[in-house]
Structures are given as C-alpha cells and as structure tokens.
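Okay, structure first, notes after.
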There are 2 protein chains.
Amino acid sequence: MVIKKYIYLCSMFSLAEENYLKAIYHLEQQAKGEVSTNAIAERMDTKPSSVTDMVQKLAEKKLLSYKRYKGVLLTADGRKTAANVIRKHRLWEVFLVEKLNFHWDEVHEIAEQLEHVHSEELISRLDKFLGSPDFDPHGDPIPDKHGNVKRTEKKLLSELEKKQRGVCVGVRESSSEFLQYLDKKKITIGTKITVLGKEFFDGSMIIQVGRDQFFISKKIGENLYVQTL
Amino acid sequence: MVIKKYIYLCSMFSLAEENYLKAIYHLEQQAKGEVSTNAIAERMDTKPSSVTDMVQKLAEKKLLSYKRYKGVLLTADGRKTAANVIRKHRLWEVFLVEKLNFHWDEVHEIAEQLEHVHSEELISRLDKFLGSPDFDPHGDPIPDKHGNVKRTEKKLLSELEKKQRGVCVGVRESSSEFLQYLDKKKITIGTKITVLGKEFFDGSMIIQVGRDQFFISKKIGENLYVQTL
DNA sequence: AAATATTTTTAGACTTATCTAAATTATCAG
DNA sequence: CTGATAATTTAGATAAGTCTAAAAATATTT
Ligand SMILES: [Mn+2]
Ligand SMILES: [Mn+2]
Ligand SMILES: [Mn+2]
Ligand SMILES: [Mn+2]
C-alpha cells in the first residue's frame, strides 16, 4: 500500500495561508478600511517582513488586494475562504463542548488545529450532527457554507446605563482567565444581567446576576456582549 | 488578541515525523526484522534519499535505532509514539462512521488528517464518547493509551480449506475499490463466510455468504481476514 | 518645509522536508 | 573471490515559511 502525499497541498490552501486569511478577516471587521502589515504581524505574532512576503503571495492568488505601503483588503474569494475556516473552527468548538463535554475555556486551541482539516463532506456532516448551530460556545456566529454571517444586534455590557437589563450573548475576549472569571460569577451565554449602578470615573459597574449583586471593572464590561431586554 | 504560533511545533513531533513513525511501525509488523530504507520510501511514496535524512533525524531523537546500510528498528519510545498516532487514526475512523454516518470506504483520508491533531485530552474524551471501541470500521484493533494492541487470532480467507467456515473480522487492504466490492457482495465485519470450493491452480474459491454463492479470486481471499468458526 | 519617527519593504540567511545525481556500501552470481 | 547489480547514503538544489538587518516610503513634529 502506498501512502498519499501532500494531504495539505492537494487541498487549496496551506495552513499558514489559512491562518493569515483568518487573521485579516478578523482585523477587517474591527477596524474598517485597509488592514496594515503591522496589525497582521501583531495578531499573528510574527514579524512584519514575514507578513509582507505572505501578503504578496496571497495577492498573486487573488485572495486579497495589496498595494505596497497601503495595506490589504480581502477579495470576495479571500473573504469566503476565511469565513469557511472560521465556520470550521466554530463548528468544532460546538462539537467539543456539546459532545465531548469540554468546558468553553478549553476548546479554542484544539479548534485551531481542527479548523485546518480539509473535507467539505466532513464539515457538512458535522454541521448536521450538531443540529446546524447558529452560534459557537462563546456566542460567536457560525458562517453558513457560503461564508455569510448573520450579524445580530449586540452591544457591550459597558454600553448599558443604570437600570438597563441585558442577556449575555457572547464574549469579546475568550481567554481561559476571563472565561473562568465568568464561571465564578455564574455568567454564561443566556445569563440575564441588570445594571444597578455605573461609576463614570472609572467605568466600573455594580450588576445583578440571579440573586447576586457585585462589582465589575470597566475591563469586564468591555469584554461581554449583551442584548438589551 | 495574539495568536499562538507553532501549534504543531510545540507538540512533540511534526506531521512528517509522525507519518514516518507510523509507516515504519506498520512495516515492522509485516516483515519481522529491520525495516529497509527502500521499503519506507515505497510505502511513503518518497525517495530513498529523503528517507535516509528523516531516519537520521529520528535516530537522533531516540525514536529508532539506525546503523548505516542496515535499516531501522523503532525504540520503545518510537513504537509508543507510532501506536498513539494509529490509535488516533482509528478512533477518528470510528467517529466518522458511527457518528457522522460516513461509509467505511470514505474515512481513511480524513482520518489521515485528524490523526495529527495534538491533544491527549481530546483523544481521551473522544474514546469515551465512542464507548472505548476495540476495533476500527475496518476491523483493525485500536491501541490503548499506552500503545498496547490486543492482537487477535485471525487468518486470511485464502488460508481456509474447503468446507471451513469463518467470520469476517477485518480487511487487509482498505481501498475504496475493494471495500465497495465487499459491499456489493454484502460482506462486512461480522459476516459469516463458508468455503464451498477451492481451486489450487489459481487460488480462487467459491464461497457462501448468506444465501448467495459466488466465485472470488485469489486476490480477494488474500485481503480479507477471518476467524474460523 | 525640513527633520524625525514610524511603518513597510527588500535582501539575505535559516529550517524543514523534499528532490536529483553521484558516490559508496552491500549482496549475489559465477 | 571478484565483478556486476542493487541498495543506501551523501552532496547540492529547491520551495515554503520564517527571521534579522538595512533600505525605502510614509507619517508626524517642529
Ligand atoms: Mn476559538
Ligand atoms: Mn469561539
Ligand atoms: Mn485508515
Ligand atoms: Mn482503518
């Protein structure tokens, strides 16, 4: 029996290419307009010179548009490819939490690997197996197979005013530390939160979660997404 | 947010290293004794010179013992590492067939990718989720977490004599073509087969499967494992 | 508008994993 | 035992993706 070579190469994009596309996709959403070389380098924890190399390669492949010194923008192709990687990442996260009982702060690293497994059929069946979920365990929307994302109305908890009420629909940061803090405070996706007080000096708040009332810093409020009720 | 680099590198072995270890492990089982450079090259579909390079690297890492011109043998470490990759491959194959309803001839390629996802916890949970299966969809034994394999008594269908009866417990080759042939003939793991006749000239047989009786070539008989009843 | 600082790109080097071609060692037949 | 053949290794090249250091372009200050 002869083993097939180039599992990755015979698929369309390399692991490195997919990771760059994903990073650029996310950066495009945050800061509207061209994405800078340095921004990509920082997000990917690489050097700007490496980014320039890769960006030139991706431009040749028509996945993004690039003019020297002017930053990049994904093309329709590039955006679709990136969204598909993100779709896979988030579906796998759902699998890990719903089926393998991982905790929501443990799944990101593993999904970073699983998202690069190439098989349309696999993802289509995984999606069905999971009941075609719309959101991942952190409340992030799962793009459909065409790369379209249903963007929902949500704001940061820090944007709520005194006496307003919201339901937690997602986290902006999903580090273990932050997610574990939320667990300790019994906050998860779907939890209802009422703002009892807000301090303008430092942006801190007093909130009510279930029967508990407690203080949260500005940083917490700026990393929790809610829908107002 | 900063993305962690080197998901693969911070785990112990590279994709290429794991594939070499796996290939050598399989070759060791077939032909007892040292595994030759050419044999590895053929199985991996690479050139012998590439094999020499990799084998020298793996020897430095104490995963195998190597003497120039004399072939290689896995060390205990090397064997355990290889068995663990095979464990992952086969568990994922079970997942694909049992949970995602893939057909047994569709899962190998996808498992070739999934087997390189690094996370002990993932595999331990996957194993539990699947009910700690002992065999993969092709009847191959799944090594335990220490790399131990329960080797079962099995022989090739071609070794059976006239009037002997056996139950299919595995396939030696698992190409799509062969597996689809077996489906057409309604043979799968667990199917009972009776040898009605055997032709010494060409090794062909007449067998009974359920109510059907039909002719099979030597090649078929040499790729089907059975346990005699 | 010129000087300075920052960002971005280029040039050249390194690592991993691969290849071809040539050299070396082993094996086998006479 | 010796020469031919086969197997294996070495040497040198290549491609992908990264890095450092230096050059070039852009942005910001004064
Ligand atoms: Mn994630
Ligand atoms: Mn997520
Ligand atoms: Mn397989
Ligand atoms: Mn198998």
Side-chain angles (χ1 to χ4, degrees), chain A residues 2-24 27 31 33-61 63-73 85 112-113 116 118, chain B residues 2-24 27 31 33-61 63-73 85 112-113 116 118:
Chain A
V2 171
I3 302 290
K4 276 279 174 54
K5 256 192 309 191
Y6 303 136
I7 292 166
Y8 288 103
L9 299 186
C10 71
S11 318
M12 277 210 278
F13 305 107
S14 74
L15 187 142
E17 287 170 335
E18 289 187 346
N19 281 334
Y20 273 93
L21 290 173
K22 197 163 53 111
I24 294 166
L27 289 167
E34 284 78 12
V35 177
S36 77
T37 302
N38 269 6
I40 300 169
E42 190 180 351
R43 194 174 216 279
M44 310 254 319
D45 196 19
T46 53
K47 301 295 164 182
S49 55
S50 308
V51 173
T52 300
D53 281 350
M54 179 57 88
V55 140
Q56 288 172 348
K57 195 169 74 166
L58 294 173
E60 271 176 28
K61 296 195 180 184
L63 293 165
L64 48 78
S65 62
Y66 164 73
K67 278 203 282 301
R68 286 166 79 236
Y69 294 99
K70 297 301 181 190
V72 302
L73 278 180
V85 177
E112 284 291 304
Q113 298 179 59
H116 300 290
H118 291 124
Chain B
V2 171
I3 302 290
K4 276 278 174 56
K5 255 194 307 192
Y6 303 135
I7 291 166
Y8 288 102
L9 299 185
C10 74
S11 318
M12 277 210 277
F13 306 107
S14 73
L15 187 142
E17 287 170 336
E18 288 187 347
N19 282 334
Y20 272 93
L21 290 172
K22 197 163 53 112
I24 295 167
L27 289 167
E34 284 79 11
V35 177
S36 77
T37 302
N38 271 4
I40 300 168
E42 191 181 351
R43 195 172 214 280
M44 309 255 316
D45 194 20
T46 52
K47 302 295 164 183
S49 56
S50 307
V51 173
T52 300
D53 281 350
M54 180 56 87
V55 141
Q56 288 173 345
K57 193 169 75 167
L58 293 174
E60 271 176 27
K61 295 194 180 184
L63 294 166
L64 47 78
S65 62
Y66 163 73
K67 278 204 281 303
R68 288 164 77 234
Y69 295 98
K70 297 299 181 191
V72 301
L73 278 180
V85 177
E112 284 290 304
Q113 297 179 58
H116 300 290
H118 291 125

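Scope of the values below: all heavy atoms of this structure, side chains included, with no hydrogens, waters or symmetry mates. In the text below, chain A, chain B and the rest are named by the order of the sequence lines, each starting its count at 1.
- For A/Ser14, no side-chain nitrogen or oxygen approaches OP1 or OP2 of D/dA16 to under 4.0 Å.
- When the side-chain nitrogen and oxygen atoms of B/Thr37 are compared with OP1 and OP2 of D/dT9, one or more of them lie within a distance under 4.0 Å.
- Put simply, the side chain of B/Leu21 reaches to within 4.5 Å of the side chain of B/Leu58, judged on heavy atoms.
- Spacing between atom CE of A/Met54 and atom P of C/dT10 amounts to 16 Å, rounded to whole angstrom units.
- Residue A/Asn38 places none of its side-chain N or O atoms closer than 4.0 Å to OP1 or OP2 of C/dT6.
- One can place CD of A/Gln56 at 15 Å from C1' of D/dA16, the figure rounded to the nearest angstrom.
- The shortest distance between the side-chain N/O atoms of A/Tyr66 and the OP1/OP2 oxygens of C/dT8 is not below 4.0 Å.
- Atom-to-atom, CG of B/Leu15 to C1' of C/dT18 comes out at 14 Å; the value is rounded to the nearest Å.
- Atoms CG (A/Asp53) and P (C/dT10) sit 9 Å apart, rounded to a whole Å.
- In this structure, B/Glu17 places its CD atom 10 Å from P of C/dT18, rounding to the nearest Å.
- Residues A/Thr46 and A/Tyr20 form a side-chain contact, since some pair of their non-hydrogen atoms from C-beta on lies under 4.5 Å apart.
- A/Leu64 places none of its side-chain heavy atoms less than 4.5 Å from the side chain of A/Val35.
- Under the 4.5 Å side-chain criterion, counting only non-hydrogen atoms from C-beta, A/Met44 is in contact with A/Asn19.
- Rounded to an integer number of Å, the gap from NZ of B/Lys47 to C1' of D/dA11 is 18 Å.
- A sub-4.0 Å separation between OP1 or OP2 of D/dC19 and a side-chain N or O of A/Ser50 is present.
- Within the 4.0 angstrom heavy-atom criterion, base atoms lie near A/Thr52.
- Side chains of A/His118 and B/Gln113 form a contact here, defined as non-hydrogen atoms less than 4.5 Å apart.
- OP1 and OP2 of C/dA23 both lie 4.0 Å or more from every side-chain N or O belonging to B/Tyr69.
- For the OP1/OP2 pair of C/dT10 and a distance below 4.0 Å, the side-chain nitrogens and oxygens of A/Arg68 include at least one atom meeting the criterion.
- Closest to the side chain of A/Ser49, from the set C/dT20, C/dT10, C/dA26, is C/dT10.
- Rounded to an integer number of Å, the gap from CD of B/Glu42 to C1' of D/dA7 is 13 Å.
- Atom CG in A/Asn19 sits roughly 14 Å away from atom C1' in D/dT18 (whole-Å rounding).
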